[in-house]
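Counting starts at 1 for both ligands and their atoms, in listed order. Numbers for residues simply follow the sequence, beginning at 1.
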Amino acid sequence: MNNGRYTPKPEDKFTFGLWTVGNRGADPFGTQVREKKSPVELVELLAEVGAYGVNFHDNDLVPIDATASEREAIVKDFKKACDDNGIKVPMATVNLFYEPVFRDGAFTANDARVRAYAVQKTMRAMDLGAEFDAETFVLWGGREGVETDACRRTDEAIKRFRECLNYLCEYNAAQNYGYQFALEAKPNEPRADIYFPTTGAYLAFIETLEHKEMVGVNPEVAHEQMPGLSMMHAVAQAWEAGKLFHIDLNDQYPGRYDQDLRFGSVSPKQSFWLVKFLEDVGYSGMRHFDAHAYRTEDYEGVKEFARGCMRTYLIFKDKAERWNNHEEIRSILAEIEETNKDNKVGKFSPEGSQNLLAAEFDRVEMASKGLKYERLDQLTMEVLLGVD
Ligand code: GCO
Ligand code: MN
Ligand code: MN
C-alpha cells in the first residue's frame, strides 16, 4: 500500500552517522556482536537503503593515530565512495568523549592543556569536514559534566565552554568555512550530570556568545525524552528562535539510559507531533537519524533498521497531511480559532492598558463550554491508527 510514497528520496534529506549504521552492538555489559565495516562499506550500505547523506566524527573516518599520509588516503577513498554512491556529507562533528584525556571534560576540563587540545582537535575536525563541504558542525559535549561537583564551580565551567566556543567561531570565520554550529544537549550519560542538560539551556547560553548568529542547536529525541520532556516543544522553541540548525531523530523510553532506538518505535504519537511540526513549519534541514539497530541484528537487520527510520518518518508525514485535511479536525480547529480572533493584549501602550484594566470579563461564561480536545485527540489517534 502506497509503497512508492514511503520510499526515501534525496529531497527528504535523510542522513545517518557512520557511528549509527556502523554501531556494532557493544554495550557496558557486552562486547560487539557485528563485524566491523569500513567507512566506505557503510557509505555503500547507506546508498543501498536510499539515504541522502552520511555524517561522521573525526575519528569515525580518520583513526586518532593516523599519519598525514594515511589521512590523505582515507579521505581520498571516502570521497570517491561518496561520489560513486551519490552520498553527501552535510554534517561533521568531533569526538571529545572517547579518549581517556577527556575523562574530566574537554572544553570544561580543569587542566588547561586538555582544553587547548580539545579546541585543537575540533579545529582539525572542522578542517576535515570542510574537505567534504559539510555545512553543519555538531558539538555534543558528552564529557562536559561531573560525577562530583567538588571538582569545579559550575559557572566556571560555563565560562570555559563559552571561551572555547568563541574561539571556534573565530576560526570558522578566519577559515571562511561558513559552518553553522549546532549544540546538542543531553542531561546525563556518560557523566552523572552533563552541563547544559536541555536544548533550552543551550538556547539561553547561545545568546551570550560573541558570534551567536553562527550557533544553533541539534535537539535529540532520546535526550529530551530521557528526563521525560517533550522533544517537539524543545524543537518548536529552537525553531521559533531561528536556531534549529540540525536534528537527531531516534526514540527512547523516558527515565532510562540513552537508548537511540529506531525512530518512532517507542513513542509514535510524540514522533507524529514532531514530524508534523517539522513539516508544517517547512523545516528544510537534514533529518538525521542518530540511532542504531538492536543488538540482536546482523547487517541485514541494520538495513531494516535504517529503512524503518525513514519509512516511519514518511508515514508520519503522510498522516500529518491527512490530519491537516481532515474535515472534522478542521472544523474543531476553526471553532478554536474563532475564540482567538479578538486579541486584547498585543503590544503595550498606556491607553491600551487603561482599556484592558477597564474591560469586563465574564469568567464563568468563559469557562462554561467544553473545548472538544478529547474529540480532537481521539480523531488524531484514529488518523494514526489508520481507521480514518
Ligand atoms: C550520544 C549522542 C551522540 C552525538 C554524536 C554527535 O548520546 O551518544 O547523541 O551520538 O549525537 O556524538 O556529536
Ligand atoms: Mn544520543
Ligand atoms: Mn545525538
Report the nearest protein non-hydrogen atom to [atom]: residue, atom name, distance rounded to 0.1 Å.
atom                    : result
atom 13 (O) of ligand 1 : Thr93 OG1, 3.1 Å
atom 2 (C) of ligand 1  : Glu184 OE2, 3.5 Å
atom 10 (O) of ligand 1 : Asp290 OD2, 2.8 Å

Item to check | Audit row: Asn340, Glu337, side-chain hydrogen bond (donor to acceptor under 3.5 Å, both in side chains) steps and yes/no | outcome: CA-CA 5 Å; Asn340 176 43; Glu337 193 44 35; 3.2 Å; yes
Checklist entry - Does Asn218, backbone or side chain, put an N or O under 3.5 Å from an N or O of ligand 1? => result no
Checklist outcome for this item: Angle subtended at the Mn ion (ligand 3) by Glu220 OE1 and Asp248 OD2, to the nearest 10 degrees, is 100°
Checklist entry - OE2 (Glu184) to the Mn ion (ligand 3) to OD2 (Asp290): angle, nearest 10 degrees? => result 170°
Checklist outcome for this item: At under 4.0 Å between heavy atoms, what of Asn95 touches ligand 1? The answer is neither
Checklist entry - For ligand 1, which part of His57 has a heavy atom less than 4.0 Å away: the side chain, the backbone, both, or neither? => result side chain
Item to check | At the Mn ion (ligand 2): angle between Asp258 atom OD2 and His223 atom NE2, to 10 degrees | outcome: 100°
Atom indices of ligand 1 within 4.0 angstrom of [X] heavy atoms, with elements:
X      : answer
Phe97  : 12 (O)
Asp258 : 1 (C), 7 (O)
Asp248 : 11 (O)
Lys186 : 1 (C), 7 (O)
His223 : 1 (C), 2 (C), 7 (O), 9 (O)

Next on the checklist: Under a 4.0 Å threshold between the charged nitrogen and the carboxylate oxygen, would Arg375 count as salt-bridged to Glu328?
Outcome noted: yes
Checklist entry - Thinking salt bridges, do Glu300 and Lys303 make one under a 4.0 Å N-O criterion? => result yes
Next on the checklist: Distance to the ring centre below 6.0 angstrom and angle to the axis at most 45 degrees; does that hold for Lys37 and Tyr299?
Outcome noted: yes
Checklist entry - Can you tell me if Asp251 and Ser265 form a side-chain donor-acceptor pair at under 3.5 Å? => result no
Checklist entry - Would Asp260 count as a contact for the Mn ion (ligand 3), in the sense that one of its N, O or S atoms lies under 2.8 Å from it? => result no
Checklist entry - Are the aromatic ring centres of Phe205 and Phe196 under 6.0 angstrom apart? => result yes
Checklist entry - So, for Tyr294 and Phe305, is the gap between ring centers shorter than 6.0 Å? => result no
Checklist entry - Do the rings of Trp239 and Phe277 sit parallel, tilted or perpendicular, given the 30° and 60° boundaries? => result perpendicular
Item to check | Of Tyr177, Phe137, Phe78, the residue whose pairing with Phe132 passes ring-ring contact (aromatic ring centres under 6.0 Å, His included) | outcome: Phe78
Checklist entry - Nearest to atom 1 (C) of ligand 1 by heavy atom, Phe137, Trp19, Trp140, Tyr98: which? => result Trp140
Next on the checklist: If the test is side-chain hydrogen bond (donor to acceptor under 3.5 Å, both in side chains), which one of His223, His288, Glu184 qualifies with Asn218?
Outcome noted: Glu184
